[in-house]
Every structure is written in structure tokens, then in C-alpha cells.
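Letters go in sequence order (proteins before strands), and every chain restarts at 1.
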Amino acid sequence: MLSIYHFDDSGPDRTCTCVNVSPFLSFCDVCLRLPLFLRWEEEKCTDGSKWRFLEHKGPVFPPPYEPLHARPYQAMKLSPGAEEVATFYAKMLDHEYTTKDIFRKNFFKDWRKSKITELKKCDFTEMHEYFKAQPEARKQMSKEEKQVKNECILQEYGYCVMDNHRERIGNFRIEPPGLFRGRGDHPKMGKLKRHIRPEDIIINCSSQDSVQPKAPPGTRWKEVRHDNKVTWLVSWTENIQGSIKYIMLNPSSRVKGEKDWQKYETEEVLKKCVERIRAQYREDWRSKEMRIRQRAVALYFIDKLALRAGNEKDEGETADTVGCCSLRVERISGKDYIHYYNKVPGEKSVRQSKYNIELILKEEKTSILNKHLQELMDGLTAKVFRTYNTSITLQQQLKELTSPDDNIPEKILSYNRANRAVAVLCNHQRVPPKTFEKSMHNLQTKVPVIKIAISHLNSDRREKETALCSMTYCLLLSSLHRCKKWGVPIEKIYNKTQREKFAWAIDMTDEDFEF
DNA sequence: CGTGGAGAGTCAGCCGTGTATAA
DNA sequence: CTTATACACGGCTGACTCTCCAC
């Protein structure tokens, strides 16, 4: 039974009561009122509001910098600010980032508000050693001491009250300052991510009846607003890309759970009409209109290759990564493309129309594509295809790989193998972590016979990781179903966080379920 | 009507930490 | 029993998707 919250208007302290009811029951069998999910649905909230009451304590700021009085540059004394920025670099000395020119250049540019002229002449090793020793020092602090401290902060700042429910907040801590780590060859890597002050913070909460969060002594918030059309509690603008950051609720919360449920339902609808959509885009490959051909091939890639949509981005400002709609001709002839291409035998009409492919990917825009998808099916967007195909593949694989006589470990193994198939579809590829390579090396030198096992180990690891990261909803339900059917403990497949997030799905799975 | 940009929300990889397990 | 290694977990945050609205 799923724990669905219901309103408890009688309580003096506005906390919720959890009652075990199925989301498909009309009424809670204890208080005889509608469960929250359904009530929300019932009352429709057509104005698009996400909540009626919201109260929280605001964010937790990182502790202020404590100067070390270190002198990494020719014994020169640094201001506390300059010294702090230096510590960010010193902490990363072991990281590959600090070997990259762009990283160093950006860091140095932001740091040299001081009179330091050459990075090469700086010696960060002393500071580096200091920080390396920190985990040791922290270990000295007693375990309970740490836990109690953390627990207090969590209890005070880690929860909010939204519509009578005490809900867990996802990230209630402000991002600490540091050096920006972009992904890939990011042109801004190494730039200083500055301190966020209360004056940068926008608070969102109820206007009446709620206690508003207090800014730290001697400071004030940038703004306090009362916007119940959004779900965030706190926001600020980050200084590297100028984008907005938010504090929002935990995945186990009502607002997030409802969203997930909705997505699951969209997948269900797609299942019913996917063949129609496929037939249509195949036909569109031969359209007289170029735009339609473009659209159809883009859609084909998204469907067949589980590509992401991939929006246009500012060149020179952002990471160098690509998706379907931003694929360019030069990339198509490149290795990446061949790599994908080889995985798609058949569908000759796409392959033969070289002319198609070149234009399509160059000019098709995500927004246009999404508009088209919306016409094909209500709620359909590019990424729904990705999750849908993931689900279907997993389900098929599970069916193929599992036999009723398997014992539980065998069933867990086949689950992991099925996940590998899913990973292939999504083209997940990960570099094994460095520590892994190292331990592999040790194995190889010690016991040569073990070599044979190495490839297995390697793939097992990937399967596990994939199991953790390719969570979608039909996929989720079909694997939950399998657990129930074969008596595999759910705990063996999903960890605590995942089980909390998908409490609603775990409950609605029964043995007859099939995606 | 199309487009660009801001805002909101989701996804996913990395990494530190704590714990289980092996040596 | 102690120490070292492996592993799992969860927090963090950059990247991405999608929507909406002003122009």
C-alpha cells in the first residue's frame, strides 16, 4: 500500500497524517476524504497554481571563509578574498582540470585582481597538502557530533510545509563558491563562481498565514515574492552563464510525484499510437516538401536511435555537445555518426536519401519538431520517445532472458543484462573510473588467468550503473512488475531513494501488469 | 506569425563519504 | 583485530528540455 497523504485540517500544527490508501481508491478509508493526488485533480486548479500554502526557512549558506594566511606567490601576503580563490585552485591540483590551458587562463584572469603576474611562479602545494589532510582531521570529530549537527540543520532547513504537508526539500544549501567546472571543453571552465549573498536571493512563499524566512542578521533578501504558479522556494542568478538556480522539493514530494505520474500516463498514450506515428514519418520521407522530409528524418533518429532532441546553442559560450537537431553535416560524415549509423540496418529509404540527411539535421529546429509531435499526440515531446523505447526494450529483454526456473540471483543477473541492452539503445558509454582501471591492473599482474573474467566484470559494472540511471516510468513499472511476479526483493534492484521517489509506482504494480 | 530569450523544471555524471568486505 | 580496498549512496550542479511571452 502506498502512503498517500491526505489533508488533516483538524490538526493544530498543520502537519500531515500519512494513511495507507491506493491512489485509485476514491476515498481515504480512515478520514473518508479524497487522497491528495486525486483531490488536486478533482479540484482541477485550472488557474495553473501549484500550491496554496508554502512556508519554509530559506536556504543554508556555506560557512564564511577562514583565512589560512598562506602565501603561494613569492611570500606575498594575500587579501582573504584572493587567498580564498587560491584555495579553490589548490584543492583541485590533483584534478585534470588544472592541466588545461583554458582552465588555468580563466582562473588566473579572475584571480589576478591581485598583483600576481604569472601562474607558473605560484606554488600551491602547501595549501594543497593542507586540504588533503582535511578529511583526516574531520575523522577526528566524533561521529555523533557530525551526525547531530547535520540532523539539526536538516530538521530546521531541510523541510517545508506545502499545503499542510511537511515535505522534504531537495537542495536547501546554497552552492558554495569555487571554480566553474564545465563539462567537455567548456570555454568558461576555471572561472570564479562567486559567493551568493542574501542580497542575491529571491524567496518564494505564501503571502499570508506563513512565517517568512528571515535573512541572516544584518542582511536582507533581494526580494520576497508569492508566486504559487511555480514550485521553487528560493532562486538566485549564477554569475558564470547568468542562468537561474533554484531550491526545489525532493523527488518524493507531491509536486514531483504528480509530474512523474503524468509522464507515465503520456507514455501509455504513446504506446497506443506509436505505430501510427511511425507509419506517418516513414511516409513523410518521400514528401515533396523539404521541411516535412527534414522533420520526418529527425523524428526517425529520435525514435530509432534514442537521440536527444538537442537545441541550438551559442557557440563559444557553452559546452561542445550535440543532439539530433544540432547535428551538422561535418559531424555526420565523422566518426560519431558512423558509430550510430552502423547500429541501424534496414530502413533503406533513410539511408539512401543522403540529400535528406544533410539538410534535415542542419535545419530542423527542436521547437518546430515539438510542435509537430504535439499535433500527432497530446503531450508528446521528443524525450517521450526516448523513455518509451527504453521501456519497451527492457520489457522485451526481460522476457527473453528470464526463465521461470531461475533462482533469484539469476533473475537479478538477467535484470542487469536487460539493462545493458537498454544502455546500448541509449548509447550510454562511460569511461571506467580511474580507480577501476588501477584495480584491473593489479588483478592482471597478480593472476593472469583472471583476465578472462575482466571483460565480464567490466560489463557487470556498467549494467549496474545503467540500472541506476535509466529510470523511466513504464520501464520502472515493468521492472517492478517483474520483481513482484518472480519474488525478487525490490530492495535488490532499487535503493532507498529510488523506492521513496517511486512509492506511487511500487504500489500500483500488480502481478498481471504488462507494459 | 515566427523567433529569441528568459524561466522553470528534469536529467545525468561526478565525487565525497560512509560502510561492507577482503586481505 | 586492523588496515586497505571496493562499493553503494546521495548530494551537487552543469546541461538539457520545454514553455511562454515579448517583440
Q.
Check the phosphate of B:dC14 against A:His95, side-chain N and O only, distance under 4.0 Å to OP1 or OP2. Yes or no?
A. no
**Q.** Side-chain N or O of A:Arg181 closer than 4.0 Å to phosphate OP1/OP2 of C:dA15
**A.** no
Q) A:Gln241 side chain N/O closer than 4.0 Å to the phosphate oxygens (OP1, OP2) of C:dA15? A) yes
**Q.** Closest-nucleotide 5' rank along DNA chain C - winner of A:Arg168 and A:Val384
**A.** A:Arg168
(Q) Looking at C:dT17, I'd like to know if its phosphate oxygens (OP1 or OP2) sit under 4.0 Å from a side-chain N or O belonging to A:Thr381. (A) no
(Q) My understanding is that only one of A:Ile203, A:Leu249, A:Asn204 makes a side chain to side chain contact (heavy atoms under 4.5 Å, CB included) with A:Leu233; could you say which? (A) A:Leu249
(Q) Check this one for me: any side-chain N or O of A:Lys188 less than 4.0 Å away from OP1 or OP2 of C:dG14? (A) no
Q) Is any side-chain N or O of A:Lys371 closer than 4.0 Å to OP1 or OP2 of C:dC18? A) no
Q: Would you tell me if any nitrogen or oxygen in the side chain of A:Lys229 comes within less than 4.0 Å of OP1 or OP2 on B:dG7?
A: no
Q | Ring centre gap for A:Trp111 and A:Phe124 strictly below 6.0 Å | A | yes
**Q.** Phosphate contact (B:dT10 OP1 or OP2) by A:Lys259 side-chain N/O below 4.0 Å
**A.** yes
Q.
Rounded to whole Å, how long is the line connecting atom CD1 of A:Ile244 with atom P of B:dG7?
A. 4 Å
Q. A:Arg173 side chain N/O closer than 4.0 Å to the phosphate oxygens (OP1, OP2) of C:dG11?
A. no
Q. With sugar-phosphate meaning primed atoms plus P, OP1 and OP2, does A:Ser235 contact a base, only sugar-phosphate, or nothing at under 4.0 Å between heavy atoms?
A. nothing
Q: Could you tell me whether the phosphate oxygens of B:dA8, OP1 or OP2, come under 4.0 Å of any side-chain nitrogen or oxygen in A:Thr231?
A: no
(Q) Tell me whether the rings of A:Tyr300 and A:Tyr281 are parallel (<30°), tilted (30 to 60°) or perpendicular (>60°). (A) perpendicular
Q) Is A:Pro176 touching bases, backbone alone, or none of the nucleic acid, heavy atoms closer than 4.0 Å? A) sugar-phosphate
Q: Would you kindly give the CD1-to-P distance between A:Ile169 and C:dG11, to the nearest whole Å?
A: 13 Å
Q: May I ask you to say what A:Phe180 touches in the nucleic acid, namely base, sugar-phosphate or nothing, with a heavy-atom cut-off under 4.0 Å?
A: sugar-phosphate
Q.
Salt bridge or not between A:Lys193 and A:Glu238? Use side-chain N to carboxylate O under 4.0 Å.
A. no
